[in-house]
2 protein chains.
Amino acid sequence: MIRRIPQDRDRGIPDATVARLPLYLRALNGMAERGTATVSSEDLALAAGVNSAKLRKDLSHLGSYGTRGVGYDVQYLIYQISRELGLTQDWAVAIVGVGNLGRALANYGGFASRGFRIAGLLDADPHVVGDRIVGLVVEHTDELESVIKKRGVSIVVIATPATAAQQVCDRVTAAGVTSILNFAPVVLAVPDGVDVRKVDLSIELQILAFHEQRKANGGPIMAEEWPDGVVM
Amino acid sequence: MIRRIPQDRDRGIPDATVARLPLYLRALNGMAERGTATVSSEDLALAAGVNSAKLRKDLSHLGSYGTRGVGYDVQYLIYQISRELGLTQDWAVAIVGVGNLGRALANYGGFASRGFRIAGLLDADPHVVGDRIVGLVVEHTDELESVIKKRGVSIVVIATPATAAQQVCDRVTAAGVTSILNFAPVVLAVPDGVDVRKVDLSIELQILAFHEQRKANGGPIMAEEWPDGVVM
DNA sequence: ATCACTTTGTGCATCGCTTCACAAAGGCAC
DNA sequence: GTGCCTTTGTGAAGCGATGCACAAAGTGAT
C-alpha cells in the first residue's frame, strides 16, 4: 500500500490539475504569439476548453499569480506553469522502436519546443538501424543501456510492437529510468517508483464507438444471449 | 445545460467504466488465445492492471455474467463486452492527414481486429495523394465530403497539422460525422452532439516530466520569482 | 478619498468514482 | 440432501474533483 510520501510538503498538486496544466500552457503560448499581455480566467478557460472556476482553482494550487480586477500576466503564467511542470529544464528522451509511430514522434515539433530533447532512437531491426531521422542516426537496441547512461536519458518512449515492450521496459528500468511513455498495447509491469503513462490508440476509438452506438440505438441491443440463442 | 437523456433507461454506464472495458477486452483476448476457458475477477484484474473490486463493479454494470464460485467464461465475456462497446458491428473510419502519424495509424493492427475498417485516407498534399497504404489509395481532401457519404464513414481521425484541424473538423461535422478522434494539438470547437476525443502526445510527456522532477527534487524549486529576481 | 466595477481566490455543497467488506449464490464432495 | 469452499455482486463509507457563489482585492474615474 504505497501512499503518497509527504516529503513534498503540502504542495501536492492534484493529478487532475497536473493533467490540465499542459493544456493551459498551450493556450497561453498561442496568446503570447498573438501578443496578448494579460488574460482573464474566463478567456483562458474558453481557449483551453474548461470551466473558468476550475481553471482558477487549478492555478491557485501553484500560487497566487493573478491580479484581481485584471487577470493573469501571460508571460509570467507561462513561466510559472513551465517551472511547475519541469519544462524549464532539459529532458533527454530516448525513443525505442522506430516504425511509423516512432518516426511520427521523432518528427513531432511539440517535443523540442517544450524542453524535450530526443537523445536517442533505437530499433531492433537491422534494416532500420543507421537511418537518419531529424539529425539522429538510429542505433541498435543492443546499445540501449549505454545510450541511456552516456546521454543521461531520463524518459523513455516505447513504440515497439507489443511483444517487445515488456523486455524493453525491464531493461530500461534496470538501467535506472523511472519515467516511461508506453504506446504498446500491453500492461507493463514495473518496479515501485517507476511511472508509466500509456497511450493506446485503439482504446480511444473503442470509446468513440461506444458513444456512437448509443447515439444510433438509444442503447445497445437488449438481447443478452448469444447471437444464436445459446445461453452459455 | 444538456443533461443525460434518460432514454437509455438506467443502463447508463459510467464513463470511467467505459474507458476500462477495452482494457479488459484486450486481457481477455490474450487469455482466449492461450486457451483459458474461465477466469476469476482476481486474475483478470491482475492482467488488466486494476483492482479486482473495481473490475467486478465495472462488469456488474453490463449485467450478471459471472458464476459465483467459478468466475467468468472468457468467450462469453468477450462477446458481452464487445457488444456493449459496439465492436460487433463494422465501423468505417477515415483518416485525414497521412503524415507519419496517419501512416502509423493506418498500419496499426489493433484497428482492423476490433471492427474498425479504414475506409478512406485523405491528405491535402498532392505529393502524398495517390500513395498506396495498406491497400488504400490516398485521396485529396477535396473529396472529404464525398468519401464520408459514399462509404458511410461514421468516425473520423484527424492527424493533420494543428492549423488544418479545425477546418477539417468543421467539414466533417457538416457532413454528418459525430465522432472524432483528434491528434492535432488544438481544442476543437464542435456542434452539440458531436463527440471528440483527443490524444496529445506532448501532454503525456509533460505529465511524466512533472513527476520525474518531483522524484528528483522532492518538489519544485521554491523560488517563486523570475529567474533574474524580477517580481513582475 | 470614495465609489463603482472587474476579476481573482476559495469555502462549501455536490457528484461520481473507488474501495472495503460481506451476504448471497453457486460448485463440489460425501 | 448437507456442509464447506470459492467467488461474485453490491451496500455503504471514503475520497477526490467539480462547480457555484461570494467575499476579498485590485483598478480607475471623479
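As the structure is a prediction and not an experimental result, all values here were calculated from the model.
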>> Just N and O in the side chain of N51(A): are any of them under 4.0 Å from OP1 or OP2 of dA17(D)?
In response: no
Checking side-chain polar atoms at under 3.5 Å, does [X] have a donor or acceptor matched by the opposite partner on [Y]?
{"X": "D170(B)", "Y": "Q166(B)", "result": "yes"}
{"X": "T88(B)", "Y": "R83(B)", "result": "no"}
{"X": "S179(B)", "Y": "D195(B)", "result": "no"}

Rounded interatomic separation in angstrom, taking [atom1] from [X] and [atom2] from [N]:
{"X": "Y65(B)", "N": "dT7(D)", "atom1": "OH", "atom2": "P", "value": "22 Å"}
{"X": "L59(B)", "N": "dT18(C)", "atom1": "CG", "atom2": "P", "value": "13 Å"}
{"X": "L55(B)", "N": "dT10(D)", "atom1": "CG", "atom2": "P", "value": "14 Å"}
{"X": "L62(B)", "N": "dT10(D)", "atom1": "CG", "atom2": "P", "value": "12 Å"}
{"X": "R68(B)", "N": "dA24(C)", "atom1": "CZ", "atom2": "C1'", "value": "5 Å"}
{"X": "L77(B)", "N": "dT7(D)", "atom1": "CG", "atom2": "P", "value": "16 Å"}

>> Is it the case that the base of dT18(C) and the side chain of K57(B) share a donor-acceptor contact (distance under 3.5 Å, atom types as modelled)?
In response: no
> With sequence neighbours excluded, what pairs up with E204(A) under the side-chain hydrogen bond (donor to acceptor under 3.5 Å, both in side chains) test?
Replying inline: R197(B)
